[in-house]
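We name chains A, B, ... by the order of the sequence lines, and we start the count at 1 in each one. As the structure is a prediction and not an experimental result, all values here were calculated from the model.
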Protein chains: 2
Amino acid sequence: MAATKDPRPCSIADTLALVGEKYSLLVLREVCLGNGRFDQLVRNTGAPRDILSARLRRLVEAGILTKRLYSERPQRFEYRPTQAGLELEPVLMTLKEWGDRHLRKGADLPMVVEHSCGGELVPVVTCKACGDPVRHEDLTAHPQAPGWNLAGPTAA
Amino acid sequence: MAATKDPRPCSIADTLALVGEKYSLLVLREVCLGNGRFDQLVRNTGAPRDILSARLRRLVEAGILTKRLYSERPQRFEYRPTQAGLELEPVLMTLKEWGDRHLRKGADLPMVVEHSCGGELVPVVTCKACGDPVRHEDLTAHPQAPGWNLAGPTAA
DNA sequence: GATGAGGGTTTGTTTTTCCAACTTAAAGGA
DNA sequence: TCCTTTAAGTTGGAAAAACAAACCCTCATC
């Protein structure tokens, strides 16, 4: 899926270049759930084996997953999230939240995540500085990259 | 890019089926920045015109964007986020945050977003119930879909 | 010594993507 | 009037990616 080279210098695009291809985020979902074995990933994501193999290589390369030997004889591997991989969980959570709200209208969720506070996890994105939930109207974007402004390249 | 049919019933997969294809989230980024015109989207996302055309159709269909006439003669259109589209911004923010931290180590960000509180926006995903920042260790997933548990299908 | 599990790779086909050129409709200038 | 430009796409053919099924290798077990 995702873009490889974005015209606009952008961390969203750069992140998507790593995890935006088809199946990558589903692989991450499974790995975060503890399902790191190849056959499990095939079953639970639906990815063709060759594609899965390519994605796993890429995610390991990117430092998002690690490949761990869990049996010497016979050699058997398992994939696990690195710290960087775990820090992508917020992306999964916000995707889940949107889907729960807009595609299922809150009813009959296929998966409920429980937070240690005892409640069902409903993730809310807040501003680190003030703690308030973030709304679109409260944001102002300031491009820093030379040659770019909000609307696009300045010297087109 | 993204998955169309996921074996595991999952809102993450369903959401990615709508916005997970290559360029879709970059289109949303631009549209949220106010850059909703076709040629702008071509320039700022790098999408081929035919692919962009297909993505826009899909996003409108999905209720994430609307197509608005901004000039009668000649007929000219512009795409804008719907409320549902705006509510996908948290996904963009978490992607940006990860990229800023892991791919740029915080220095020389190509884009800074200012929050109305006056500070630079650093998005933090918190639990709606308790307000605490969400950490992986604090989560427990409970699949609800019949025939599924954490590890996969129960009747494989 | 056959069977099966796990973790992939190979091969050939089908889909997508990509790119460049073309279209349509109108405005603006020479 | 004719020419060029802008905007928003569509079309057609070549290249890349995804897909599905079969295959391979190493062991373990029956």
Side-chain angles (χ1 to χ4, degrees), chain A residues 1-7 13 16-27 30-31 34-61 65-80 151-153 156, chain B residues 1-7 13 16-27 30-31 34-61 65-80 151-153 156:
Chain A
M1 122 249 41
T4 314
K5 49 184 161 61
D6 193 45
L16 285 173
L18 296 182
V19 300
E21 287 168 301
K22 196 168 174 179
Y23 302 116
S24 293
L25 286 173
L26 298 185
V27 168
E30 289 302 318
V31 162
N35 304 141
R37 304 194 179 173
F38 193 87
D39 277 18
Q40 249 173 344
L41 291 170
V42 167
R43 267 198 309 284
N44 295 357
T45 66
R49 308 173 78 81
D50 56 340
I51 306 295
L52 177 62
S53 179
R55 295 294 181 273
L56 288 169
R57 235 191 318 277
R58 185 155 179 58
L59 289 170
V60 167
E61 231 174 69
L65 302 183
T66 45
K67 187 174 184 173
R68 242 180 53 106
L69 195 68
Y70 73 84
S71 155
E72 293 266 3
R73 325 194 47 74
Q75 286 221 330
R76 293 284 136 86
F77 301 97
E78 159 186 52
Y79 296 88
R80 292 162 149 270
Chain B
M1 109 153 147
T4 313
K5 47 182 163 63
D6 192 46
L16 285 173
L18 297 182
V19 301
E21 288 168 300
K22 197 168 173 179
Y23 302 116
S24 293
L25 286 173
L26 298 185
V27 167
E30 289 303 318
V31 162
N35 304 141
R37 305 194 178 172
F38 194 87
D39 277 19
Q40 248 173 345
L41 291 170
V42 168
R43 267 197 310 284
N44 295 358
T45 67
R49 308 175 78 81
D50 56 340
I51 305 295
L52 177 62
S53 179
R55 295 294 181 273
L56 288 169
R57 233 190 321 275
R58 186 155 179 59
L59 290 169
V60 168
E61 230 175 68
L65 302 183
T66 46
K67 187 174 185 174
R68 240 181 54 107
L69 195 68
Y70 73 85
S71 156
E72 292 266 3
R73 326 194 46 74
Q75 286 221 329
R76 292 286 135 86
F77 301 97
E78 159 186 51
Y79 296 87
R80 293 161 149 271

N44(A) side chain to A151(B) backbone, donor-acceptor under 3.5 Å: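 Answer holds: yes.
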
Any S53(A) side-chain N or O less than 4.0 Å from OP1/OP2 of dG7(C):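 No, outside the criterion.
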
Side-chain N or O of K22(A) closer than 4.0 Å to phosphate OP1/OP2 of dC19(D):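 Yes.
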
In whole Å, I'd like the distance from the [atom1] atom of [X] to the [atom2] atom of [N].
| X | N | atom1 | atom2 | answer |
| --- | --- | --- | --- | --- |
| Y23(A) | dT16(C) | OH | C1' | 13 Å |
| I51(B) | dT16(C) | CD1 | P | 10 Å |
| R58(A) | dA17(D) | CZ | P | 11 Å |
| R49(B) | dC22(C) | CZ | C1' | 11 Å |
| R43(A) | dG6(C) | CZ | C1' | 10 Å |
| F38(B) | dT23(C) | CZ | P | 17 Å |
| L52(A) | dG8(C) | CG | P | 8 Å |
| E21(B) | dT15(C) | CD | P | 16 Å |

Smallest separation among heavy atoms of [X] and [Y], with atom names:
| X | Y | result |
| --- | --- | --- |
| Y23(A) | P48(A) | OH-CD, 3.7 Å |
| L56(A) | L41(A) | CD2-CD1, 4.0 Å |
| Y70(A) | F77(A) | CE2-O, 3.0 Å |

Evaluation steps, side-chain contact (heavy atoms from CB on, under 4.5 Å), between R49(A) and D39(A): CA-CA 9 Å; R49(A) 308 173 78 81; D39(A) 277 18; 3.1 Å; yes

5' priority, DNA chain D, between D39(B) and D50(B) [closest heavy atom]: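 Closer to the 5' end of DNA chain D: D39(B).
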
Stepwise side-chain contact (heavy atoms from CB on, under 4.5 Å) check, V31(B) with L59(B): CA-CA 11 Å; V31(B) 162; L59(B) 290 169; over 6 Å; no

Min side-chain heavy-atom separation L65(A)-V27(A) under 4.5 Å: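 The answer is yes, as the side chains (C-beta and beyond) meet within the 4.5 Å cut-off.
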
Those residues of residues 67-79 of chain B lying under 4.0 Å from DNA chain C by at least one heavy atom: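 R73(B), P74(B), R76(B), in order of number.
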
